[in-house]
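Structure, as structure tokens:
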Amino acid sequence: MKTHLMLIKLLTLHSLLVLSVSHTFDFFYLVQQWPGSQCDTKYSCCYPTKEKPRPDFGIHGLWPNWINGSYPSNCDSNSPFNAIEISNLMNQMESHWPTLSCPSNDGQKFWGHEWNKHGTCSKTVLDQHEFFSTTLKLKTHINLLGALKDAGIHPNGSEYSVTSIRDAIKEARGYTPWIECNRDASGNSQLYQIYLCVDSSGSRFIECPVNLAKKCNTSIKFPSF
Ligand code: AMP
């Protein structure tokens, strides 16, 4: 009888654990940022110590999210960012995930923030090295700037309709992005960040399961960098 009870307790504990692990999040947002729009605001920006980033979208992060619109954050303070774990990714990190915060720095603060706040919440799926390598792979695979340029949308300070930007990406890559805008120092609405959704294993892009309402004017600037 005692062993029976013990077994039931163990099974309940096991199913609770499985439930909580499989429900840690539902999908990821891959968020990319146009550096020109981070730097031409009233807050300005600072280039990484090594060099000015290339004129390309940079990674902001890979963010686990729930379908109800909220998201987990800072899930494990016992698993701090460790740059040594991703030393073989450093060149790619500097090139595709550049820091723009001030004062000028090597990027580890930004990457550490992204790992601590978001990465620790998808640890059951992607360990630290996988979190960064997967994000880099997704970013280079989707090549947003290539998709926009092929559609005649260039970062030269011209204005484009948000619809034309969204459609260009959807038609070239097959997935509908969400566009986030900010304002330049003169108050013009401009293309700031692009959100795409990725399945909860981090292996493929998906159509976003939720609507992300982001404020943009109908027509927005795509500044140079
Ligand atoms: P998150 O907490 O992941 O939503 O990211 C927001 C934080 O990232 C803010 O503190 C921003 O200032 C910072 N941030 C956003 N873009 C960059 C960037 N390119 N370089 C450094 N920090 C950034």
Side-chain angles (χ1 to χ4, degrees), residues 24-66 68-77 79-81 83 86 89-123 125-126 128 130-132 134-136 138-140 142 144-145 155 177-185 190-198 200 202 208 210 212-216 222-225:
T24 47
F25 65 101
D26 298 321
F27 67 98
F28 288 105
Y29 283 120
L30 172 68
V31 184
Q32 299 185 54
Q33 183 184 78
W34 180 248
S37 306
Q38 174 83 354
C39 293
D40 72 356
T41 70
K42 62 180 174 190
Y43 307 107
S44 188
C45 76
C46 292
Y47 297 153
T49 332
K50 196 169 166 187
E51 60 195 352
K52 178 182 174 179
R54 290 176 307 133
D56 185 15
F57 284 90
I59 297 166
H60 184 163
L62 186 67
W63 301 345
N65 257 259
W66 286 303
N68 69 9
S70 62
Y71 63 92
S73 65
N74 298 101
C75 297
D76 187 0
S77 55
S79 176
F81 174 66
I86 56 163
L89 301 174
M90 265 320 144
N91 285 341
Q92 284 188 75
M93 291 294 292
E94 285 166 354
S95 163
H96 296 287
W97 205 322
T99 180
L100 291 168
S101 67
C102 296
S104 248
N105 64 95
D106 62 6
Q108 297 207 14
K109 198 170 148 225
F110 184 29
W111 306 330
H113 168 83
E114 290 300 310
W115 168 257
N116 295 333
K117 181 170 175 184
H118 304 284
T120 55
C121 301
S122 51
K123 237 173 55 140
V125 181
L126 305 171
Q128 196 169 141
E130 288 165 342
F131 176 75
F132 288 103
T134 298
T135 310
L136 289 163
L138 290 164
K139 188 266 175 183
T140 37
I142 203 81
L144 288 181
L145 190 60
W178 287 96
I179 313 289
E180 180 181 1
C181 295
N182 68 354
R183 292 192 181 275
D184 71 11
Q190 59 181 359
L191 174 58
Y192 176 44
Q193 300 200 117
I194 299 186
Y195 293 62
L196 286 159
C197 292
V198 174
S200 60
C208 289
V210 288
L212 245 194
K214 296 280 176 197
K215 267 178 278 159
C216 287
F222 192 6
S224 60
F225 181 68

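Counting starts at 1 for both ligands and their atoms, in listed order. All figures in this text were calculated on a predicted structure; none of them were measured in a lab.
Residues W63 and E114 bring a donor and an acceptor atom of their side chains to less than 3.5 Å of each other. Side-chain atoms of N182 and Q193 include no donor-acceptor pair closer than 3.5 Å.
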Name each N or O atom in ligand 1 that is under 3.5 Å from a protein N or O, and give the partner atom and the distance.
residue	atom	partner	partner atom	Å
ligand 1	2 (O)	H113	NE2	2.6
ligand 1	2 (O)	K117	NZ	2.7
ligand 1	3 (O)	E114	OE1	3.4
ligand 1	3 (O)	E114	OE2	2.7
ligand 1	3 (O)	H118	NE2	2.7
ligand 1	5 (O)	H60	NE2	2.8
ligand 1	16 (N)	Q33	NE2	2.9
ligand 1	19 (N)	Q33	OE1	2.8
ligand 1	20 (N)	L100	N	2.8

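Residue S37 holds its OG atom at 10.5 Å from CD of E180, rounded to the nearest 0.5 Å.
Sulfur-to-sulfur, C102 and C45 sit at least 2.5 Å apart at their SG atoms.
Remark: E94 engages K50 in a salt bridge (charged side-chain N to carboxylate O under 4.0 Å, His left out) (not counting sequence neighbours).
Shown here for N65 and S70, the closest heavy-atom pair between the two residues is OD1-O, 3.6 Å.
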